[in-house]
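Written below as structure tokens is the structure these notes are about.
Just so it is clear: chains get the letters A, B, ... in the order the sequence lines come, proteins before strands, and each one is counted from 1. Computed from a prediction, not measured in an experiment: that's the story for all the values here.
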There are 2 protein chains.
Amino acid sequence: MDDKQRQIIDQAIVIADEHGIAAVSMRAVGQRLGLSPMAIYPYVRSKDALLDGMVERLLGDLLTMAPGAGGWQDRLRAVSAAVRALARRHPGAYPLIMARPGATAETRRLDDLISDILGAAGVPAAEVPRLERLLSTLLLGFANSEVNGRFGAGPAAGDWDAEFAADLDDEIRLIEQIIGR
Amino acid sequence: MDDKQRQIIDQAIVIADEHGIAAVSMRAVGQRLGLSPMAIYPYVRSKDALLDGMVERLLGDLLTMAPGAGGWQDRLRAVSAAVRALARRHPGAYPLIMARPGATAETRRLDDLISDILGAAGVPAAEVPRLERLLSTLLLGFANSEVNGRFGAGPAAGDWDAEFAADLDDEIRLIEQIIGR
DNA sequence: ACCTGAACACCGTTCAAGT
DNA sequence: ACCTGAACACCGTTCAAGT
């Protein structure tokens, strides 16, 4: 049924994490499931659709992990922690999120979640979309640079948690200024 | 001589901008120069090296455009404008900058330029690397999202200049707070 | 010194066929 | 309803050969 589609996307993510995105091919995914390459086409329109499906799955997992309780500062920290945990769990597949346009349903749900937190903080509605794009760019981009090596060696054996926490504290201060406290 | 290497990278960038990164193949680049695919290998080690060379060329152009005069705020704005102009001139090739690890010489030169501006602003040396990564992530990531469609339709016929200027003003305020004025 | 052509092991995808 | 296999037009890259 449609959990065959889920299996296909799951295996594609496993391949990406183990051997890199370049290793994700219709043939390789089929092989993992004991199927001919052609057997996966009924469940996934094309290779591009498969890659979009992988992004969709990753963001879906992310949204499952992001809790909704607490003050807006803690909610923002929780979303950030969830993104960075996702990147560390899927170092191979994660960069697809930034690489593909991704005007998908789950992308919008993440944007809505961040917008919702900003609204709860008291950010004027006119400023919310701008700050949402600022925060999501910083958040997704930082994890991407970390995972694909753009940052190089790293401060302490590749632990960027402390640095990003400081970045996020700065951005929180910035938001506090905008809402005037 | 070695301007054959430059021609090869130039043509690869043209192909990427006109038909997307996926259209960049050794065969396609060769064809543009009237050469067999194999004739380009002496000048470019591999396809991966070609892609890295494209990033190197793009960042090189960027650094040529980024002026060094004025106050640190204006220098930061100039670098930002240069990055965004680069992305608009190379909408197809630009995403390679975020997609590839790129621990290349030109990447370091961009990092050094931003670090230099932060140092000139009076940011404590211990904070410079963190803020450099924050700014470069935001700057490169914003242009990437803009160019690959992650942001969707856009505020006014795809003009994100005003929005990014506001983001940058916010970050400048943040830096001013850190240096204590 | 510089380039070509054939060949190999891969791709995504179409189509006709099998159960 | 679901899957396979052959085929097509592509890849990156190796190697031996041509001028």
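Rounded to whole Å, atom P of dA1(C) lies 19 Å from atom CD of Q5(B). In this structure, R27(B) atom CZ and dC10(C) atom C1' are separated by 11 Å, rounded to whole Å. Look at CG on L50(A): it is 14 Å from P on dC11(C), rounded to the nearest Å. For the pair Q31(A) CD and dT4(D) P, the computed distance is 12 Å after rounding to whole Å. Taking atom CD1 on I40(A) and atom P on dG12(C), their separation rounds to 8 Å, with Å as the unit.
A salt bridge links R173(B) with D170(B): at least one charged nitrogen is closer than 4.0 Å to a carboxylate oxygen. Salt-bridge check for D52(A) with R45(A): failed, with every basic side-chain N at 4.0 Å or more from each acidic carboxylate O. Taking the charged nitrogens against the carboxylate oxygens, E146(B) and R84(B) do have a contact shorter than 4.0 Å, which makes a salt bridge.
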**Q.** Test salt bridge (charged side-chain N to carboxylate O under 4.0 Å, His left out) applied to R57(A) and D10(A), step by step
**A.** CA-CA 8 Å; R57(A) 156 87 77 271; D10(A) 279 350; 3.0 Å; yes
(Q) Could you write out DNA chain D as dot-bracket? Rules: Watson-Crick or G-U wobble, both distances under 3.5 Å, brackets [ ] for crossings, | for pairs with another strand, dot for unpaired. (A) ||.|||||...|||||.||
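Between Y43(A) and dC3(D) there is a side-chain polar atom (N or O) within less than 4.0 angstrom of OP1 or OP2. Contact check, K4(B) against dC3(C): a side-chain N or O comes under 4.0 Å of OP1 or OP2. Residue S36(B) has no polar side-chain atom (N or O) positioned under 4.0 Å from OP1 or OP2 of dG5(C).
The heavy-atom pair separating A23(B) from A28(B) by the smallest distance is O-CB, 3.7 Å.
A 4.5 Å side-chain heavy-atom check between D116(A) and R75(A) finds at least one atom pair inside the cut-off. Side-chain contact between L139(A) and L168(A): absent, with no pair of heavy atoms (C-beta onward) separated by less than 4.5 Å.
Checked against dG12(D), dT4(C), dC3(D), the side chain of K47(B) finds its nearest nucleotide in dG12(D).
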Q: For nucleotides 14-19 of chain D, just jot down a letter per nucleotide in 5' to 3' order: B, S or -, based on protein non-hydrogen atoms under 4.0 Å.
A: B-----
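Side-chain atoms of S36(B) and R27(B) include no donor-acceptor pair closer than 3.5 Å.
If M26(B) and L35(A) are placed on DNA chain D by their nearest nucleotide, the residue sitting closer to the 5' end is L35(A).
Of the options F164(B), F142(B), Y94(B), a side-chain contact (heavy atoms from CB on, under 4.5 Å) to V83(B) is made by Y94(B) and by none of the others.
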